[in-house]
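Each chain gets a letter, A, B and so on, in the order the sequences are listed, and its residues count up from 1.
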Amino acid sequence: MKFLYLVACNLRRKKLRTLLTLLSIGIAFFLFGLLGALKLALTGDVSIANADRLMTRHKVSIIQMIPISYQARIAAIPGVSGVTAQTWFGGIYQDPKNFFASMPVEPDEFLKMYPEFVVSDAHRQAWRTTRNGAIVGRTLMERFNWKVGDRIPLSAPIWRHADGRDAWEFEIVGTYEAARKSVDTSQFFFRYDYFDEGRGQNKGTISWFAVRVSDAARADAISAALDREFANSAYETKTEPEAAMMQGFAQQVGDIGAIITGILGAVFFTILLVSGNTITQGVRERTEEIGVLKALGFTNTLVLGLVLAESCLLAVLGGVGGLGAAWLMTIGGSPLPSLLPVFYVPTPHLMLGAGLMVALGLITGALPALQAMRLGVSEALRRQA
Amino acid sequence: MLNWLSQISAITLANLKTLPERRGAAVAAAVGIAGVVTVLVGVLSIAEGFQRVLAVSGSPDVAIVLRSGSDAEMNSGLTHDDTRLIADAPGLARNAANLPLASAELFVVINLPKRSTGTDANVPLRGVSPAAFDVRGNLMMLEGRRFEPGKNEVIVGAGAARQFSGLDVGKTVRVGQTEWVVVGVFAAGGGVAESEIWTDAAVLQPAYHRGDTYQAVYAKLISAEAFHTFTDALTTNPQLSIKAVRQSDFYADQSTQLVGFVKGIGITIAALMAVGALFGALNTMYSSVAARTREIATLRALGFGSSPVVVSVLLESLALALAGGVLGAAGAWLAFDGHTTSTMNWQTFSQVAFAFRVSPALLVQAILWAAMIGVLGGLFPAIRAARIPIAAALRET
Amino acid sequence: MTTDQSPLIRIADVDKTYRRGAEEIRVLAGLSLTVQCGEFLALMGPSGSGKSTLLNLLGGLDRPTRGTVEIGGERIDALSDRRLAGWRARHVGLVFQFYNLLPVMTAERNVELPLLLTHLSKADRRKHVATALAIVGLAHRTSHYPRQLSGGEQQRVGIARAIVTDPTLLLCDEPTGDLDRKSGDEILSLLQTLNREQGKTIIMVTHDPHASSRASRTVHLDKGQLSAAAPA
Ligand SMILES: Nc1ncnc2c1ncn2[C@@H]1O[C@H](COP(=O)(O)OP(=O)(O)OP(=O)(O)O)[C@@H](O)[C@H]1O
Ligand SMILES: [Mg+2]
């Protein structure tokens with residue numbers, strides 16, 4: 001601890017240089033934080049996927065419908081403890097650019113399947129009694145300034161009434177909150193019975209089933225049994241764990257993980273060079289001083305430690321600043337709620353960032369620290385003369 | 001003036017001669033800028049590549065007819081009668097046999113594993129009418145032959161054949177209860193069609209329980225101008241409830257959202273990185289000026305003006321930045337140009353294969369960014385250099 | 001660390017050669033020297049004769065190419081780098097021609113530096129620093145930075161730093177070389193006081209005969225060898 005002052009003195013020597021280095025490290029970690037949040041936003045948080053939840057869809061593709069009558073047959077499969085249907089509605093509010101997810105569901109089954117959607121008892125009750133009632137996520141309510149009780153018209157080009165009209169009207173009877181911050185609160189859920197009655201075609205079909213199994217360890221076996229049940233029927237199914245489905249879906253968008261990792265690699269390589277160079281330069285300028293310290297009896301290891309402490313201090317100060325800024329920026333919710341409804345820096349990413357700060361400090365400091373350590377005392381003292 | 005220029009060149013040359021001594025800092029600054037440029041070019045080449053596929057897909061003399069209220073084939077539906085009425089509309093081009101160049105088509109999505117990851121992806125399967133080849137006009141078989149009408153045969157776009165497994169000529173693709181034989185691979189001028197699988201609409205209809213319905217009609221017009229005659233005739237026909245769009249506009253629309261998103265993100269990231277690299281450049285140039293304080297003061301004492309000093313520092317910074325910019329741009333071009341991949345087209349809910357595209361305009365843009373960083377990074381240090389108090393600096397060691 | 005009878009420093013048959021490319025320069029050639037405890041020795045000689053080189057060997061800053069350096073009964077040429085550093089911290093104080101203070105720290109903090117290597121508490125360190133600065137007569141300028149002090153004052157801070165750990169041996173390389181006559185005299189008096197009143201053994205390199213006259217003994221270094229006689 002008593003050496004900290006020495007380290008601090010060295011950082012104060014050229015304040016502008018220290019400041020610029022801190023800022024460039026800070027920016028690198030700010031980007032690191034934002035890219036982490038972006039990756040999560042684009043690929044979904046697999047950790048929220050419950051291991052005991054499966055998705056069953058049409059084998060050919062998710063846009064093919066399957067009959068709701070399968071629900072009873074799925075429920076009868078041993079090991080299945082719950083099943084509920086969801087359908088892609090594709091509702092449009094005023095303008096196709098105002099995109100959000102809208103789905104008809106069976107309220108009680110649905111809320112039981114997804115405890116992460118938190119709905120008050122009053123709102124639940126209202127939903128049960130209002131045929132065209134809808135439950136809307138908090139961020140979506142805020143986005144369009146909707147209030148409970150509002151009547152919302154949506155048009156659905158995929159789902160027209162028998163007379164060809166594509167206008168649907170809903171009454172917002174409640175809102176849902178997220179049990180965890182990784183839950184998207186920009187969705188719009190309404191009742192399946194209202195939907196099935198109103199649509200003009202494909203009555204009695206749905207997009208996919210969410211299936212809960214009583215024992216997550218047997219999920220694979222149950223998936224297989226479930227798909228076997230419908231094999232060779234007109235509607236063959238494909239069942240996957242929720243996480244696999246989310247990942248597969250993200251993969252369709254592109255290898256976002258690889259792209260973001262690539263960008264981060266470039267950012268860190270750049271910053272490593274820029275800040276590593278300043279640190280090296282700063283140490284090189286003090287060759288004689290380091291010689292004096294050694295002459296006074298500072299050991300090589302101590303000198304090594306002092307230089308590394310300096311570089312680590314820079315990296316950690318800058319890193320905490322940058323990552324902290326990214327964290328603060330996203331803590332209040334997504335800056336672009338319509339495009340990226342879930343946007344925050346996940347905790348494992350924060351920890352990785354902390355590790356990277358120390359690594360950056362050690363790597364940038366290593367070269368000058370070794371140079372300082374190897375420096376011969378008499379040699380260093382001669383330089384000033 | 002001449003004197004001023006020769007002063008600048010004298011100082012700049014003196015500066016550049018000391019560059020090897022400061023090579024560590026100089027290289028770091030240049031590589032920092034190269035990093036920014038690489039990321040900028042890399043991310044924007046994704047947007048450019050995607051945009052290009054959709055841009056070359058549409059021609060202004062082809063119209064796409066959908067059910068009114070639909071903005072994509074997926075949620076459109078047309079009856080057989082609708083398609084007949086559309087084919088009879090004025091403005092339509094006809095072939096040698098005097099048949100209208102209108103193709104009634106079906107569009108479905110099937111799941112196939114991606115070659116790169118093995119995960120399922122949505123691949124478009126299009127059922128077309130015989131006129132489809134003439135309507136598109138740019139289809140070219142690369143391998144095999146066209147499918148025979150009435151048979152369970154498919155041809156696959158070159159992009160789809162590259163991105164998804166199991167689409168080689170001679171292989172069989174099983175979709176639900178139906179098996180399809182791949183009989184050919186086609187190119188379509190680099191457009192969206194290359195990401196699709198094509199078959200006879202008349203075969204696809206029963207396989208998908210579609211009866212005698214379609215989702216869109218692709219119609220070749222006699223000229224781009226004939227579009228208005230064509231649409232007017234259709235929209236005023238009380239038997240029809242449809243809308244027609246030019247193929248070029250239809251695809252341009254599909255790219256705007258994704259391209260806007262990717263560009264926005266790419267530019268934000270690159271801008272933040274640029275600020276980081278700017279600090280690096282500032283550091284380098286400040287220490288460059290600091291290292292030459294005495295030298296600059298000596299030159300000033302000899303009668304050199306302060307503006308040549310400013311300009312020479314700026315020039316040095318600019319030279320470093322441009323070196324970094326060119327390095328980064330060249331690296332990005334080598335690394336990314338032509339890299340093929342596919343992504344989800346949200347309008348069709350299916351995959352579009354495309355290649356990253358590092359266009360000359362993008363390279364110029366990247367180098368301009370580098371130059372900006374160079375000028376900003378040199379400006380403040382240059383001002384400091386010009387303000388060096390001569391008498392005090394001469395005494396400095 | 002030693003009894004008063006035995007010599008504090010014993011150098012025997014020391015060679016020091018430097019290599020400059022293919023060329024070898026033999027700076028010290030079979031040099032021997034013995035210094036008793038409590039001596040104030042002036043080391044003179046032409047520029048480039050190896051005075052600093054010899055002082056560096058005595059301070060454990062460098063190692064002889066051949067021969068032995070024994071200080072206080074310890075063969076310092078045989079110590080590892082790490083132990084040598086510790087030995088320096090405990091037993092020698094170094095004073096430099098250009099003071100070599102750290103410009104980023106106040107006088108007080110500069111003097112405190114060697115104490116950071118001890119186990120002393122913060123309060124104890126403060127006390128030692130105050131004492132050392134009082135001895136050199138700078139009790140009133142403790143919180144000034146080096147650039148705010150005159151050359152003579154900076155050298156006093158340098159001496160305070162050298163004596164703050166209370167070492168037996170002070171090695172001074174041209175301590176007055178950069179100072180005017182008056183400040184130089186003050187420094188020499190200070191060294192003399194330290195030698196007489198605190199019993200410090202001092203070895204001082206100097207070019208100045210006036211400075212060497214303050215010492216208790218003077219030796220001359222030339223062509224790698226020592227001689228007691230004054231040069232012509
Ligand atoms: N590390 C080194 N490498 C090569 N030669 C060296 C080295 N250190 C010292 N020398 C040479 O050894 C000789 C003695 O140097 P030293 O510094 O000991 O002389 P000095 O007597 O202290 O001179 P001055 O009075 O000018 O300080 C010189 O010729 C010097 O060039
Ligand atoms: Mg010397």
So that I can tick it off, tell me whether A:Arg374 and A:Glu379 are bridged by a salt bridge, with the cut-off set at under 4.0 angstrom between side-chain N and carboxylate O.
no
Shorter than 4.5 Å, heavy atoms on both sides: which option in C:Gln97, C:Arg109, C:Arg83 has the most such pairs with chain A?
C:Arg109
Using only heavy-atom distances, determine whether the side chains of C:Asp222 and C:Ser49 contain a donor-acceptor pair under 3.5 Å.
no
Checking heavy atoms, do the side chain of A:Leu302, its backbone, both or neither come under 4.5 Å from chain C?
side chain
Please classify the contact between C:Leu94 and chain A as side chain, backbone, both or neither, with a heavy-atom cut-off of under 4.5 Å.
side chain
Within the 3.5 Å criterion, strictly below it, is a donor on C:Glu153 or C:Ser150 matched to an acceptor on the partner's side chain?
yes
Looking only at the side chains, is there a donor atom on one of C:Arg90 and C:Thr165 sitting less than 3.5 Å from an acceptor on the other?
no
Would you tell me whether C:Thr206 and C:Asp208 have side-chain atoms, one donor and one acceptor, within less than 3.5 Å of each other?
no
Which portion of C:Thr118 sits near chain A, non-hydrogen atoms under 4.5 angstrom
backbone
Classify the ring geometry between A:Phe32 and A:His349 as parallel (under 30°), tilted (30 to 60°) or perpendicular (over 60°).
parallel
Counting only heavy atoms closer than 4.5 Å, note whether C:Arg161 contacts chain A via side chain, backbone, both or neither.
side chain
Taking every heavy-atom pair that is under 4.5 Å apart, which of A:Glu289, A:Arg286, A:Arg12 has the most such pairs with chain C?
A:Glu289
Among the options A:Asn300, A:Asn10, A:Val292, A:Thr301, pick out the one with the most heavy-atom pairs lying under 4.5 Å from chain C.
A:Val292
